[in-house]
Amino acid sequence: MNSCCNTNDTINAVFHHINKHKKGHLKECLLSAIRGFRNGVLTGVRIRIPYIFQAVIYAVLAGGEEKSIGRVKFVIKQMFYHGKNLGMFVGIYKSICCILRNIGIKGGIDSLVAGFIGGYYAFGESKSVSGSVNNQIVLYLFARALIGIIQGMVKRKIIPSSLSTTTPKGFRIFAAVTLALILYLTEYEPENLNASFMGTMTVLYHKSDSGPMIEKGDHKFGIPMLIIILSLFGGIFPKLSLDSMFSYFKL
């Protein structure tokens with residue numbers, strides 16, 4: 001089974017490489033864009049389906065209260081917008097790339113131009129349900145792009161290989177810099193952060209300055225809290241580490 005999947009992946013990679021470097025006919029460009037649109041729609045829908053199941057289960061556990069039902073409706077809308085926006089982007093990107101490559105524009109410029117135009121029109125909406133989907137996608141892709149740039153700098157020997165995010169030391173430094181920047185913004189420039197994100201940061205770092213040690217409803221999470229507290233002593237007592245406890249409970 002794995003051999004079959006690997007073979008298919010190799011074939012797809014070869015076809016993509018060939019198509020990327022040849023001048024295609026209009027029919028081939030159109031078919032490629034249509035297939036890309038289809039794959040984008042299906043990928044977006046598949047990504048969102050687990051969130052719908054999660055929202056439905058939560059709604060059932062909440063006794064079908066209005067807020068939880070509204071959440072189910074919201075994630076269903078997100079599924080459709082995710083599929084639509086991703087499908088649009090792939091279709092636009094592949095169409096523009098084909099046009100540019102046919103007139104001799106290659107070497108990365110084609111991808112940059114097509115990605116810019118596709119991103120502007122397909123993922124540029126920042127309001128309503130579509131905006132919420134786009135915000136999640138763009139932030140995720142920005143993080144991936146940043147990591148890719150770091151890896152590229154390592155490959156070109158602009159920065160030492162020890163700073164690669166694929167190495168333990170490199171990832172620790174990457175995590176440290178990221179958290180340092182976020183906490184600086186949280187403490188000194190909160191107005192520059194997203195309001196909903198800042199709400200979470202306020203709970204973590206500001207509301208913890210005062211108030212009761214145990215709040216109403218905390219008992220519902222007593223078992224996870226106890227396990228996590230015990231795991232803090234895993235360095236001294238290995239059997240208390242999370243991995244050891246997971247193995248004990250066969251998780």
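- Within the 3.5 Å criterion, the main-chain N or O of Cys29 finds no donor-acceptor partner in the side chain of Ser32.
- In this structure, Met79 CE and Ile47 CD1 are separated by 12.5 Å, a value rounded to the nearest 0.5 Å.
- Aromatic ring orientation, Phe174 versus Phe171: tilted (interplanar angle from 30° to 60°).
- Between Tyr184 and Tyr188, the gap from one ring centroid to the other is short of 6.0 Å.
- A donor-acceptor distance shorter than 3.5 angstrom exists from the side chain of Thr167 to the backbone of Gly170, with no hydrogens or angles considered.
- If you check the side chains of Thr166 and Ser164, you find a donor sitting under 3.5 Å from an acceptor.
- Side-chain contact between Ile150 and Leu163: absent, with no pair of heavy atoms (C-beta onward) separated by less than 4.5 Å.
- Using modelled atom types and a 3.5 Å distance limit, the side chains of Lys239 and Ser244 yield no donor-acceptor pair.
- Neither side chain, Ser241 nor Asp243, offers a donor N or O lying under 3.5 Å from an acceptor on the other.
- No donor-acceptor distance shorter than 3.5 angstrom exists from the side chain of Asn134 to the backbone of Ser126, with no hydrogens or angles considered.
- The shortest distance between side-chain heavy atoms of Leu240 and Leu232 does not fall below 4.5 Å.
- Counted by atom type alone, Ser132 and Tyr81 present zero donor-acceptor pairs between their side chains at under 3.5 Å.
- The side chain to side chain contact (heavy atoms under 4.5 Å, CB included) check on Ser95 picks up Ala33, with sequence neighbours excluded.
- The side chain to side chain contact (heavy atoms under 4.5 Å, CB included) search around Glu65 returns Ala62, Lys67, Ser68, not counting sequence neighbours.
- Atom CD1 of Ile223 has 12 or fewer neighbouring heavy atoms from other residues, nucleotides or ligands inside a 6.0 Å radius.
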